[in-house]
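Notes to accompany the following structure.
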Amino acid sequence: MAKPQIYSLDTSFFMDWQARYYPVDVFRTLDERIEALVEEERGLAVALVREEIDAVGTPELRAWAKKHRRLFVP
């Protein structure tokens with residue numbers, strides 16, 4: 001049986017997703033899929049990404065990151 005893939009997400013991924021190219025209100029299915037990756041613990045980001053989001057992210061992205069704290073790992 002194949003193991004599920006795990007994705008390492010970086011700051012540019014989050015910025016491109018929500019602030020630049022794929023806004024949540026337009027790409028709802030993408031938002032749902034990312035939420036599923038987070039819930040399944042298949043999408044992870046290092047803690048430094050959270051710090052970068054806090055420093056340069058949009059208010060919406062900062063709120064999203066705060067809601068998904070377990071996504072960010074040491």
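If you're wondering where the values come from, they're calculated on a predicted model, not measured in any experiment. Every heavy atom of this structure was used, including side-chain atoms; hydrogens, water molecules and symmetry mates were not. One-based numbering along the sequence shown.
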Using a 3.5 Å cut-off and no angle test, enumerate the donor-acceptor pairs between side-chain atoms of residues 18-26 and protein atoms at least two apart in sequence or in another chain.
residue : atom : partner : partner atom : Å
Arg20   : NH1  : Asp16   : OD1          : 2.9

### Message
Could you measure the distance from the CD1 atom of Ile6 to the CD atom of Glu40? Nearest 0.5 Å is fine.
### Response
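Ile6 atom CD1 to Glu40 atom CD measures 11.0 Å (nearest 0.5 Å).
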### Ile34 side, atom CD1; His68 side, atom NE2 - distance, nearest 0.5 Å
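With rounding to 0.5 Å, CD1 (Ile34) is 10.0 Å from NE2 (His68).
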### All pairs passing salt bridge (charged side-chain N to carboxylate O under 4.0 Å, His left out) where residues 54-68 contributes a residue, at least two apart
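Qualifying pairs: Arg50-Asp54.
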### Residue pairs involving residues 28-39 (criterion salt bridge (charged side-chain N to carboxylate O under 4.0 Å, His left out); sequence neighbours excluded)
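Matches after skipping sequence neighbours: Glu39-Arg70.
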### Task
Give every residue pair that meets the side-chain hydrogen bond (donor to acceptor under 3.5 Å, both in side chains) criterion with at least one member in residues 4-13, sequence neighbours excluded.
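Output for this query lists Gln5-Tyr7, Asp10-Ser12, Thr11-Glu52.
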### Message
Same cluster or not: Val38 versus Leu44, using hydrophobic residues (I, L, V, M, F, W, Y) connected whenever any side-chain heavy atoms lie under 4.5 Å apart?
### Response
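Val38 does not cluster with Leu44.
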### Query
Is Leu48 linked to Phe14 within one hydrophobic cluster, defined over Ile, Leu, Val, Met, Phe, Trp and Tyr using a side-chain heavy-atom separation of less than 4.5 Å?
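Hydrophobic grouping puts Leu48 with Phe14.
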### Query
Which heavy-atom pair separates Val56 from Met15 by the least distance, and what is that distance?
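Result for this residue pair: O-CE, 3.6 Å.
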### Message
I need the minimum non-hydrogen distance between Val46 and Phe72, along with the two atoms involved.
### Response
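Looking at all heavy atoms of both residues, the shortest contact is O-CD2, 3.9 Å.
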### Query
Residues two or more places apart in sequence or in another chain: which of them pass ring-ring contact (aromatic ring centres under 6.0 Å, His included) with Trp17?
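Trp64.
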### Message
Could you go through Leu71 and Leu9, starting from their C-alpha distance and side-chain angles, then the distance that decides it, and tell me whether this counts as side-chain contact (heavy atoms from CB on, under 4.5 Å)?
### Response
CA-CA 9 Å; Leu71 161 73; Leu9 309 173; 4.2 Å; yes
